[in-house]
Peer 1: 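The structure's right below; bear with me while I get my questions together.
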Number of protein chains: 2
Amino acid sequence: MADIARLAGVSTATVSRALNHSPLVNEETRNRILELAASLKYSINIGAQNLRLRQNRTIGVVIPFDRKSHQHLTDPFLLTMLGSLADALTEQGFDMLFSRIATDELGTALAAPFDSGRVIGVIVVGQWGRHQELNELAARKVPIAVWGAQLPQQLYCCVGSDNVSGGRLATEHLLAQGRRRIAFLGDLDLPEPAQRYRGYRAALERHGIDADPQLQVSCPFLPSGGRDAVTTLLGRGVPFDAVFACSDLLAMTAIDSLRAHGRRVPEDVAVVGYDDIEQSSYFHPRLTTVRQPIGAAAQALVAKLLALIDGAPAPSVELPTELVVRASAGEAS
Amino acid sequence: MADIARLAGVSTATVSRALNHSPLVNEETRNRILELAASLKYSINIGAQNLRLRQNRTIGVVIPFDRKSHQHLTDPFLLTMLGSLADALTEQGFDMLFSRIATDELGTALAAPFDSGRVIGVIVVGQWGRHQELNELAARKVPIAVWGAQLPQQLYCCVGSDNVSGGRLATEHLLAQGRRRIAFLGDLDLPEPAQRYRGYRAALERHGIDADPQLQVSCPFLPSGGRDAVTTLLGRGVPFDAVFACSDLLAMTAIDSLRAHGRRVPEDVAVVGYDDIEQSSYFHPRLTTVRQPIGAAAQALVAKLLALIDGAPAPSVELPTELVVRASAGEAS
DNA sequence: ATGAAAGCGCTAACAG
DNA sequence: CTGTTAGCGCTTTCAT
């Protein structure tokens, strides 16, 4: 900027004003400065500007990972969420600082980019069993919006889908297809699968069916999850004619594995997934699944976070959930 | 920092030194300051620090989008690349500033985060037909590493796979399966598909087969691409017994569409994809595809960019390409 | 071992 | 309309 001031024969203050399109500066001068800046490919140093203005238009996005298992980021649901968040943020004129943090460091590392002034708020995808740490951040007034499940005593703003009714929807559909031995795939230690399980239980109960604990198998949201779950299920020797998986990734890998074991889908085993990622529409058989509106979720997360940053209240929301009937669980009922 | 200085009864200079673990400061004083900082959840303002130190550890990552078609970021290949870049960057201790830019603005907008000092280098995923603009940036000494195809007169550092041999590999495999009418799906206006097409042509030629232009269909890397291509192909009424698609996304949506049209894969039509995204291994039929090592690619992009930033030379590289034989094109030959 | 002071690149009173 | 000056939060000589 000093260079430009010298070349234009004015003070840096004038250059600053011109660059910011202040009406105070003479049009001729402004044009001269603007041309000069363009020809030098000069662009205001945002860091210095932020420092001076005490502002910032960068939002942190964190997708945690589990140190033990989840080395790489490959779950299509998470990836799609990331893409949608990028789109939503771009649309609002914010930059996205993306980072991955190990779940066991969430408590300390999550707020670092905020405390150090790099971002003005953080979006976290998933609770990862760190409800308490997230609550502490919210209590500290760190602007934070989390994708996940609503929990009791939740201080932080949470955006999620209606997991209980999602679980109910999926199970009711399977029951309507005449299935009675419905396996449940998902990690009950995580809030979202736990709520979906409640919906699953409720639906069974409504039909007078006892839930068989042998049909519930815990598995992480990983590609190996569906495969391992099927192996476990088969190993237990319990009969089952349907599977409700807590994510489409799990559903797809389970289907692949069932097929490898000679079970036809949906004839022998009907499968319902959760998420409705794009791939579900061209997977074979096309996946029947509980739709989570990812695009809307990303928009909501951004909107909530911006509200929080503005000091406005941002109550948690549960996005409506919807069953998308395709082929993997038999025809529409 | 001023607060801490006051509370600790020292100057900000000492606080700064203590926080940076300078050996110059008395151990007792340092501990007092460190504790104070921890209890206040204080963390150095990175913006100010960067300004003063004239440094920065943020890298820009850009995934362009085509204004006309590609509204949202859903291609699993791109998403996986993004995830891998995030992992590679995190591993090296760099932050990632992610942005989406319309292809028609690449020339001007790509360097903005660099010129404004927000990032010290940029990774661009895909050339998007903007070879010239990318060259100009490189000529301007903007540190930039691009995922794409090597082209004549390329000034920028490019990391890509060996597309010609990839195309050859895929086609040879199909030929070895006895297929002779091989459709090619991909946009020849883009450098990578164009190179893969050269490999395709070379393989056909080696077997004394004339390439039928009716078998080449242009389609963008979108979910609708494979479907539309199949419709076009069927509409042309030309017989075909195989498809080589320029991405797994295209291959999968093409397979879905073929199935909808009553064609069995691989019996009636053998299909080979390109990329080897994770989903290919649990798609049905499991996809035979040309593997692009995405993780290695991300590592290479980061390494190249860091070299460039250090002022070191960073020659372009072509990563080796490999055929992964699964089920969508028949048994292994 | 610590403090005073200057300055990184920018903007906003305040004068003129 | 434009220049002077102070200061955003930090680090680093240079003194002491």
Side-chain angles (χ1 to χ4, degrees), chain A residues 1-38 40-58 95 97 111-120 309, chain B residues 1-38 40-58 95 97 111-120 142:
Chain A
M1 185 178 249
D3 295 347
I4 300 199
R6 198 167 350 94
L7 289 168
V10 295
S11 73
T12 61
T14 303
V15 175
S16 171
R17 285 191 270 252
L19 259 22
N20 288 298
H21 300 100
S22 156
L24 291 173
V25 53
N26 182 303
E27 187 169 334
E28 190 189 333
T29 321
R30 176 172 53 223
N31 289 336
R32 186 155 38 96
I33 293 173
L34 255 26
E35 275 172 37
L36 215 44
L40 294 183
K41 308 273 185 205
Y42 170 83
S43 154
I44 286 177
N45 182 313
I46 303 279
Q49 188 182 52
N50 284 346
L51 184 59
R52 174 63 230 232
L53 261 30
R54 307 151 132 274
Q55 59 149 35
N56 188 332
R57 290 188 67 83
T58 306
D95 285 326
L97 187 73
F114 173 78
D115 290 330
S116 65
R118 237 175 345 212
V119 305
I120 52 173
I309 290 168
Chain B
M1 185 179 252
D3 294 347
I4 300 201
R6 197 169 346 95
L7 289 169
V10 295
S11 73
T12 61
T14 302
V15 175
S16 171
R17 285 192 268 254
L19 258 23
N20 289 297
H21 301 99
S22 158
L24 291 173
V25 54
N26 182 304
E27 187 169 334
E28 188 190 334
T29 323
R30 176 173 50 224
N31 289 337
R32 186 155 38 95
I33 292 172
L34 255 26
E35 274 172 37
L36 214 44
L40 293 183
K41 307 273 186 207
Y42 169 83
S43 153
I44 287 176
N45 181 313
I46 303 279
Q49 188 182 51
N50 284 347
L51 184 58
R52 175 63 229 231
L53 261 29
R54 306 149 135 277
Q55 58 149 35
N56 189 331
R57 288 187 69 81
T58 306
D95 285 328
L97 186 72
F114 173 78
D115 291 330
S116 65
R118 236 176 344 210
V119 305
I120 52 173
V142 178

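Bear in mind that the values here come from a model prediction, so they are computed numbers and not experimental data.
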Peer 1: With a 4.5 Å cut-off on side-chain heavy atoms, are A:N56 and A:V119 touching?
Peer 2: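 Result no, sub-4.5 Å side-chain heavy-atom pair not found.
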Peer 1: Has A:E27 got more than 12 heavy atoms of other residues, nucleotides or ligands less than 6.0 Å from its CD?
Peer 2: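 Incorrect, the count does not exceed 12.
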Peer 1: For the helix from C:dA1-D:dT16 to C:dG16-D:dC1, figure out the bend between the end axes, five pairs an end, and round to 10 degrees.
Peer 2: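 Comparing the axis at each end, I get an angle of 40°.
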Peer 1: What is the separation between atom CG on A:N45 and atom C1' on D:dC8, rounded to the nearest whole Å?
Peer 2: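 Result: 13 Å.
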Peer 1: Output, in order, the C-alpha distance, side-chain angles, deciding distance and verdict of side-chain contact (heavy atoms from CB on, under 4.5 Å) for B:H21 and B:L34.
Peer 2: CA-CA 9 Å; B:H21 301 99; B:L34 255 26; 4.3 Å; yes
Peer 1: What are the 5'-most and 3'-most nucleotides of DNA chain C lying under 4.0 Å from any heavy atom of chain B?
Peer 2: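 Counting from the 5' end, contacts occupy C:dA1 to C:dG9.
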Peer 1: Tell me the interatomic distance from A:R118, atom CZ, to D:dC10, atom C1', rounded to whole angstroms.
Peer 2: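 About 15 Å, once rounded to whole Å.
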Peer 1: Base contacts versus sugar-phosphate-only contacts with protein, heavy atoms under 4.0 Å: please encode nucleotides 11-16 of chain D as B, S and - from 5' to 3'.
Peer 2: BBB---
Peer 1: Is there a side-chain contact between B:M1 and B:L19 in this structure, where contact means two heavy atoms from C-beta onward sitting under 4.5 Å apart?
Peer 2: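 Sidechains of B:L19 and B:M1: in contact.
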Peer 1: At under 4.0 Å, does any side-chain N or O of B:Y42 touch on OP1 or OP2 of D:dC10?
Peer 2: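 Yes, within the criterion.
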Peer 1: Donor-acceptor pairs are to be reported for all side-chain atoms of residues 3-14 of chain A against protein atoms at under 3.5 Å, with residues two or more places apart or in another chain.
Peer 2:
from  : atom 1 : to    : atom 2 : distance (Å)
A:D3  : OD1    : A:R6  : NH2    : 3.0
A:S11 : OG     : A:A13 : N      : 3.3
A:S11 : OG     : A:T14 : N      : 3.4
A:S11 : OG     : A:T14 : OG1    : 3.4

Peer 1: Decide side-chain contact (heavy atoms from CB on, under 4.5 Å) for A:I44 and B:S116; before the verdict, give the C-alpha distance in whole Å, the side-chain angles of both, and the deciding distance to 0.1 Å.
Peer 2: CA-CA 5 Å; A:I44 286 177; B:S116 65; 6.0 Å; no
Peer 1: Which atom names give the shortest non-hydrogen contact between B:A18 and B:V25, and what distance separates them?
Peer 2: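 Heavy atoms only, the tightest pair is CA-CG1, 4.0 Å.
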Peer 1: Send over the distance from A:R6 CZ to D:dG3 P, rounded to a whole Å.
Peer 2: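 Result: 14 Å.
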Peer 1: At what distance, to the nearest 0.5 angstrom, does CD1 of A:I46 lie from CG of B:N50?
Peer 2: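 A:I46 atom CD1 to B:N50 atom CG measures 13.5 Å (nearest 0.5 Å).
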Peer 1: Taking DNA chain D as the partner, which of residues 26-38 of chain A come within under 4.0 angstrom of it by heavy atom?
Peer 2: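 Heavy-atom contacts with DNA chain D come from A:N26, A:T29.
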Peer 1: In chain order, what residues pass the salt bridge (Lys or Arg N to Asp or Glu O under 4.0 Å) check against B:R118, with sequence neighbours excluded?
Peer 2: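 Once residues adjacent in sequence are excluded, the partners of B:R118 under the salt bridge (Lys or Arg N to Asp or Glu O under 4.0 Å) criterion are A:D95.
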Peer 1: Rounded to the nearest 0.5 Å, what separation is found between the CZ atom of A:R52 and the CG atom of B:L51?
Peer 2: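 Answer rounded to 0.5 Å: 12.5 Å.
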Peer 1: Using side-chain heavy atoms (C-beta onward) and a distance below 4.5 Å, is B:N26 in contact with B:R30?
Peer 2: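 Of all side-chain heavy-atom pairs linking B:R30 with B:N26, none is under 4.5 Å.
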Peer 1: Under a 3.5 Å distance rule, please check whether A:N20 uses its side chain to pair with a backbone N or O of A:S22 as donor and acceptor.
Peer 2: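 Side chain of A:N20 to backbone of A:S22: no pair is present.
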Peer 1: Nearest 0.5 Å, what's the CZ-CD1 distance between B:R57 and B:I120?
Peer 2: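 B:R57 CZ to B:I120 CD1: 7.0 Å, rounded to 0.5 Å.
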